[in-house]
4 protein chains.
Amino acid sequence: MNKTKPKYKQIIDAAVVVISDNGYHQAQVSKIAKQAGVADGTIYLYFKNKEDILISMFREKMAVFSESVQPLIEKETKAANKLLKLIQNHFSILAQDPNLAIVTQLELRQSNKEIRLLINEVLKEYLKLVDTILKDGMETGEFAQDLDVRLARQMIFGTIDETVTTWVMNEQKYDLEELAPKVHQLLLKACQS
Amino acid sequence: MNKTKPKYKQIIDAAVVVISDNGYHQAQVSKIAKQAGVADGTIYLYFKNKEDILISMFREKMAVFSESVQPLIEKETKAANKLLKLIQNHFSILAQDPNLAIVTQLELRQSNKEIRLLINEVLKEYLKLVDTILKDGMETGEFAQDLDVRLARQMIFGTIDETVTTWVMNEQKYDLEELAPKVHQLLLKACQS
Amino acid sequence: MNKTKPKYKQIIDAAVVVISDNGYHQAQVSKIAKQAGVADGTIYLYFKNKEDILISMFREKMAVFSESVQPLIEKETKAANKLLKLIQNHFSILAQDPNLAIVTQLELRQSNKEIRLLINEVLKEYLKLVDTILKDGMETGEFAQDLDVRLARQMIFGTIDETVTTWVMNEQKYDLEELAPKVHQLLLKACQS
Amino acid sequence: MNKTKPKYKQIIDAAVVVISDNGYHQAQVSKIAKQAGVADGTIYLYFKNKEDILISMFREKMAVFSESVQPLIEKETKAANKLLKLIQNHFSILAQDPNLAIVTQLELRQSNKEIRLLINEVLKEYLKLVDTILKDGMETGEFAQDLDVRLARQMIFGTIDETVTTWVMNEQKYDLEELAPKVHQLLLKACQS
DNA sequence: TATGAATGAGCATTCATTCAT
DNA sequence: GATGAATGAATGCTCATTCAT
């Protein structure tokens, strides 16, 4: 329990740990409170309800993906390199936080449709980044002129997501980050003209 | 209720309808029993527990994917065409059964980790088909010699899955089947040498 | 636990005992179930929710008041005697069931406004009987021609209710039934011309 | 918020408004504090607990009934007129303060048995006034010599209370004060010899 | 085989009260 | 005196599963 952290941060971090350790359906509010070192009632001073904890958690963590990759992308001029950075960054964040990986790839998907729809809203910001890279590449001629951006985005995100999920399901026993160049190469070939 | 159908088939079909209509978390055993036209207790003469209904349902339906695509693939000689047939078949089955699409892409994913791990076991059979196509293509020189089969398979399945999920989330309001050629083209480029 | 009684009767009787013994706010569903000799869940096979138990209880018990007094009233020709019978019957039922008296006069009044409004609906049937007696008396000339039926009814019910409540609050330590003639005499004088 | 008022008065008035507006069960201490313009904790500098607020509120308001009716009664020589003044005063106070009427007739009755027993203690002072009027009337020969004072008092209070409650339940949509003479006439006839 | 009444474990949330500042 | 953030006990209801018939 880190007393210097604001409570809402403490609670979100506690939720990641508890969900990762116990699974989505065994992550009771009281467990999260205990892990966060606060009383059950305190949770409700910072979150509207349990659902709100999950959405907030996803929002906070997803922001990390977007915010950390943004400067990396800006440094690159070639769309191909931007795409590589995005993949590397995505794999890197999850590889460095095994609990988060479990939560996002396995546990949070058990939430009900309403939560998942809200999560998708949060995701959209990240997917816009992918779209930007694709459009950049098409403008510079790196990527095929007739590329269907929506389909290509679905391919890129679907591939990244499937790769990470498989890795998590295999108990993270191989190195995810070193797959990045190969995944990148595959996706790049699909996009190039 | 078709009296000629064996009860376990009746129950599985009832489960698809009930889950699709009510959502995973509102698909109580009693609802499934009612829809199947049997008593609650009867369910337990054919299935070990509720989980068993879901796994069996997935196994039955997944078998349709594998069995229907098998002859189509055998007719084709080129790996590229085999891949096209697989994508077309996949999209076609789901486009023709909106309930099934909702259940496999949205509802069943809310099941707990244990069920999803079992579902993944069932999926493996289907993924082996993809592997076969990839290896065929590599042998004939259609596909890159250094293709990482596991990654390519994750890309192919991830892309197909993401495409279908997006289509279901958009309430199936555009034509999924006509996306097949474009998705095929993207994936093909990624695999080709 | 009387196995011959239908369960819903068992549960209602259990509710009267539990509320009387523990008070309205300490009458948990689990206590009622235990007292009725059934599982918690069984309650919900017979009642929609806790509120429904209370309303049903009141309806059942109020029906006893109306149904038991009806034949007594019909036997009498004079309105004055009808009124006496109603008061005697009212006091008699409550005097013979101390638990019921506590529940109706003290505990059930702690229920929320919604329940109390529903209870009032049930009461209306009983109050109609009072109105009938009053109108009878006015027709036969026993009662004043200018009697305001609504006010007279409020006086009669208000007096009966206050008398019973005071008796319950004094822990039922004097004889309620022997007050009937005196209460009757008071109310009669107010109604007579 | 009137800064000149002592805080405990502020809090009691806030309680009346909050209970009237939100209902007994939605009248949280924090809402009362907010309405009174003080912090939650401040409540506990002036009241032992929430129950104490309610009792104090009832005591304060009940005192108004007794104190306002006392001089009116003293002016009258005839017991009949004293009774009329008491009824008129009772109706008048509640008709002029709709919030108070709601709180005393509907909301406060949802409080638990303990609170209601304490409230009854407070009421006794007021009921003694009724007793005094009755005894006066008996001494002067206005009222029947064999009048049972306790029963007559219960009739008077029961009738007044039921009349007001019915009026509040009917959303105060008719004129309560103009009912006073008729209620008076009814009760008078019951008491007269 | 088939039934369906009965079971009972499990959990998010509220709110009166406290106490360090 | 005044504050308000933090506390933590307490409970109605659902639904997968059983088992006597």
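Per chain, numbering begins at 1; letters A, B, ... match sequence-line order.
Among residues two or more places apart in sequence or in another chain, the side-chain contact (heavy atoms from CB on, under 4.5 Å) test is passed with B/D40 by B/S30, B/A33. Under the salt bridge (Lys or Arg N to Asp or Glu O under 4.0 Å) criterion, B/K31 pairs with no residue at all, not counting sequence neighbours. Looking at residues two or more places apart in sequence or on another chain, you find no ring pair (Phe, Tyr, Trp, His ring centres under 6.0 Å) involving B/Y24. Scanning for side-chain contact (heavy atoms from CB on, under 4.5 Å) contacts around C/M169 gives C/L106, C/T165, D/L117, D/N120, with sequence neighbours left out. Taking the side-chain contact (heavy atoms from CB on, under 4.5 Å) definition, one finds that C/N99 meets it with C/V16, C/V17, C/S20, C/D21, C/D97, sequence neighbours left out.
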Q. Dot-bracket for DNA chain F, 5' to 3', with Watson-Crick and G-U pairs under 3.5 Å, [ ] for crossing pairs and | for other-strand pairs: what is it?
A. .||||||||||||||||||||
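Of the side-chain N and O atoms in A/K7, one or more sit less than 4.0 angstrom from OP1 or OP2 of F/dA6.
For the pair C/Q10 CD and E/dA5 C1', the interatomic distance rounds to 14 Å; values are reported in whole Å. Between the P atom of E/dG10 and the CG atom of A/N22 lies a distance of 14 Å, rounded to the nearest Å. For A/I43 and F/dA5, the CD1 to P distance is 17 Å, given to the nearest whole Å. If you measure from atom OH of C/Y24 to atom C1' of F/dG12, you get 12 Å, rounded to the nearest angstrom. Taking atom NZ on D/K34 and atom P on F/dG4, their separation rounds to 11 Å, with Å as the unit. Rounding to whole angstrom units, CG of residue B/L45 and P of E/dA2 are separated by 6 Å. Between the C1' atom of F/dA5 and the OH atom of A/Y46 lies a distance of 7 Å, rounded to the nearest Å.
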Which side-chain N or O atoms in residues 44-51 of chain B pair as donor and acceptor under 3.5 Å with protein atoms at least two apart or in another chain?
from: B/N49; atom 1: OD1; to: B/E51; atom 2: N; distance (Å): 3.3
from: B/N49; atom 1: OD1; to: B/D52; atom 2: N; distance (Å): 3.0
from: B/K50; atom 1: NZ; to: B/A27; atom 2: O; distance (Å): 2.9

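Residues C/R59 and C/L118 have side chains not in contact (no heavy-atom distance under 4.5 Å, counting atoms from C-beta outward). Side-chain atoms of D/H25 and D/Q110, non-hydrogen and from C-beta on, do get closer than 4.5 Å to each other.
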Q: Scan nucleotides 13-21 of chain F nucleotide by nucleotide, 5' to 3', and note B when protein non-hydrogen atoms come under 4.0 Å of the base, S if they reach only the sugar-phosphate, - if neither.
A: BBSSBB---
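Comparing F/dT21 with E/dT1, their P atoms sit 22 Å apart, to the nearest whole Å.
Listed by first and then second residue, the salt bridge (Lys or Arg N to Asp or Glu O under 4.0 Å) pairs that reach into residues 99-111 of chain A are A/E107-B/K113, A/R109-A/D161, sequence neighbours excluded.
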